[in-house]
Visitor: 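Got a structure for you, questions after.
Ligands are counted one by one from 1 in listed order, and the atoms in each one are counted from 1 as well.
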Amino acid sequence: MPKRKDYLSWDEYFMGVAVLSSLRSKDPNTQVGACIVNTDHKIVGVGYNGFPIGVDDDEIPWEREGEWLETKYPYVCHAELNAILNAISSSLKGCTLYVGLFPCNECAKAIIQSGIKEVVFLSDKYSEADNTKASKLMFDKTGVAYRQLIPQHGSILLKLS
Ligand SMILES: Nc1ccn([C@H]2C[C@H](O)[C@@H](COP(=O)(O)O)O2)c(=O)n1
Ligand SMILES: [Zn+2]
């Protein structure tokens, strides 16, 4: 029998894991997932955007606007940072990060400091924001490569039963 031709590429597989992880997010507006992969194509960390452990999801609002302290922004831990903090490996040197949305400047700093060498993203919907511009400047200066994934498969069906 000939082998399957329609199998997922590595890029789609790891981005698929990032997108699946994003489904755990309770953010009503933007759900982001991230997946860190080492040079042996092994997943070493995953994460999604959510409040820190112990911060009650039901007490903090998911608002985008209003008094800063009453929005989600000061509290939410981004997918990339969670993936780094959740990593099973003590070193992320040379790893690739797959993420649904281009990293903000705070996550960019953590990505650089952890030794991740490549960022593969799906959406760059905040490309005009200063924090995205700062991320790109830092990645350019530190040699962290970044590229947008244009998937071959627009959707992946997961049958759970
Ligand atoms: N690269 C990113 C960018 C954003 N996030 C999180 C932070 C928020 O929970 C949400 C963005 O919310 P919005 O301003 O679009 O309502 O996504 C992230 O995890 N990683
Ligand atoms: Zn971030």
Visitor: With a 3.5 Å distance limit and no angle check, can you tell me whether Asn105 reaches the backbone of Ala134 through a side-chain donor-acceptor pair?
Guide: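 No; zero donor-acceptor contacts below 3.5 Å.
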
Visitor: With heavy atoms of Phe102 as the reference, note each atom of ligand 1 found under 4.0 Å away.
Guide: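 Matching atoms, with element in brackets: 1 (N).
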
Visitor: Give me the nearest non-hydrogen protein atom to atom 19 (O) of ligand 1 as residue plus atom name, then the distance to 0.1 Å.
Guide: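 Answer for atom 19 (O) of ligand 1: Ala79 N, 2.9 Å.
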
Visitor: How far is atom 12 (O) of ligand 1 from its nearest protein heavy atom, and which residue and atom is that?
Guide: Lys72 NZ, 3.0 Å

Visitor: Quick check: are there more than 12 heavy atoms from other residues, nucleotides or ligands sitting under 6.0 Å from CD of Gln148?
Guide: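 It does: Gln148 CD has more than 12 such atoms within range.
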
Visitor: Just need the protein heavy atom nearest to atom 20 (N) of ligand 1, so name the residue and atom and give the distance.
Guide: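 Going by distance alone, atom 20 (N) of ligand 1 is nearest to Glu80 OE1, 2.9 Å.
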
Visitor: Within the 4.0 Å heavy-atom shell around Pro103, which atoms of ligand 1 are there?
Guide: 1 (N)

Visitor: Name the closest protein heavy atom to atom 17 (O) of ligand 1, giving the residue it belongs to and the distance to 0.1 Å.
Guide: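 Heavy-atom neighbour on the protein nearest atom 17 (O) of ligand 1: Asn49 ND2, 3.3 Å.
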
Visitor: Is the closest N or O pair between Arg64 and ligand 1 shorter than 3.5 Å?
Guide: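 Right, the criterion is met.
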
Visitor: Sequence neighbours excluded, which residues qualify as side chain to side chain donor-acceptor pair (under 3.5 Å) partners of Lys125?
Guide: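 Lys125 satisfies side chain to side chain donor-acceptor pair (under 3.5 Å) with Thr30 once adjacent residues are dropped.
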
Visitor: Grab the two heavy atoms, one from Ser135 and one from Cys104, that are nearest each other, plus how far apart they are.
Guide: OG-C, 2.9 Å

Visitor: Please lay out, stage by stage, how Asn49 and Ser25 fare under the test side chain to side chain donor-acceptor pair (under 3.5 Å).
Guide: CA-CA 6 Å; Asn49 54 326; Ser25 175; 2.9 Å; yes

Visitor: CD/Glu106 to SG/Cys77 distance, rounded to the nearest 0.5 angstrom?
Guide: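 Rounded to the nearest 0.5 Å, the CD-SG separation comes to 11.5 Å.
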
Visitor: Of all the non-hydrogen atoms in the protein, which one sits nearest to atom 7 (C) of ligand 1, and at what distance?
Guide: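 The protein heavy atom lying closest is His78 NE2, 3.3 Å.
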
Visitor: Tell me how many protein N, O or S atoms are within a distance shorter than 2.8 Å of the Zn ion (ligand 2).
Guide: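 Total protein N/O/S atoms under 2.8 Å from the Zn ion (ligand 2): 3.
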
Visitor: Would you mind checking which non-hydrogen protein atom is closest to atom 11 (C) of ligand 1, with the distance to 0.1 Å?
Guide: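 The protein heavy atom lying closest is Thr30 CB, 3.7 Å.
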
Visitor: Within this structure, what is the SG-CD1 distance for the pair Cys95 and Ile111, rounded to the nearest 0.5 Å?
Guide: 12.0 Å

Visitor: Between Trp62 and Phe51, does the ring centre distance come in under 6.0 Å?
Guide: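 When the ring centroids of Trp62 and Phe51 are compared, they turn out to be within the sub-6.0 Å range.
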
Visitor: Between Asp27 and Arg64 (salt bridge meaning N to carboxylate O under 4.0 Å), is one present in this structure?
Guide: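 Here Asp27 does not pair with Arg64 in a salt bridge, since their nearest N and O are not under 4.0 Å apart.
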
Visitor: Can you tell me if Cys107 has a non-hydrogen atom under 4.0 Å from ligand 1?
Guide: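 The answer is no: ligand 1 sits nowhere under 4.0 Å from a heavy atom of Cys107.
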
Visitor: Considering Asn29, Val32, Asp27 one by one, which has a heavy atom nearer to atom 5 (N) of ligand 1 than any of the others?
Guide: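 It is Val32 that holds the nearest heavy atom.
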
Visitor: Taking NZ in Lys26 as the centre, count heavy atoms belonging to other residues, nucleotides or ligands within less than 6.0 Å. Is the count above 12?
Guide: no

Visitor: Any idea which atoms of ligand 1 are less than 4.0 Å away from a heavy-atom of Tyr126?
Guide: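 Listed by number with element: 13 (P), 14 (O), 15 (O).
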
Visitor: May I ask whether Tyr73 places a heavy atom under 4.0 Å from ligand 1?
Guide: yes

Visitor: Judged by modelled atom types alone, do Glu118 and Thr96 share a side-chain donor-acceptor pair under 3.5 Å?
Guide: yes

Visitor: Please report the interatomic distance NZ(Lys93) to CD1(Ile116), rounded to the nearest 0.5 Å.
Guide: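 Atom-to-atom, Lys93:NZ and Ile116:CD1 are 11.5 Å apart.
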
Visitor: Compute the ring centroids of Tyr13 and Tyr7, then answer whether they are less than 6.0 Å apart.
Guide: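 Ring-ring flag for Tyr13/Tyr7: false, centres at least 6.0 Å apart.
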
Visitor: To check your reading of the model: name the closest protein heavy atom to atom 3 (C) of ligand 1, its residue, and the distance in Å.
Guide: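 Checking every protein heavy atom, the shortest distance to atom 3 (C) of ligand 1 gives Leu101 CD2, 3.5 Å.
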
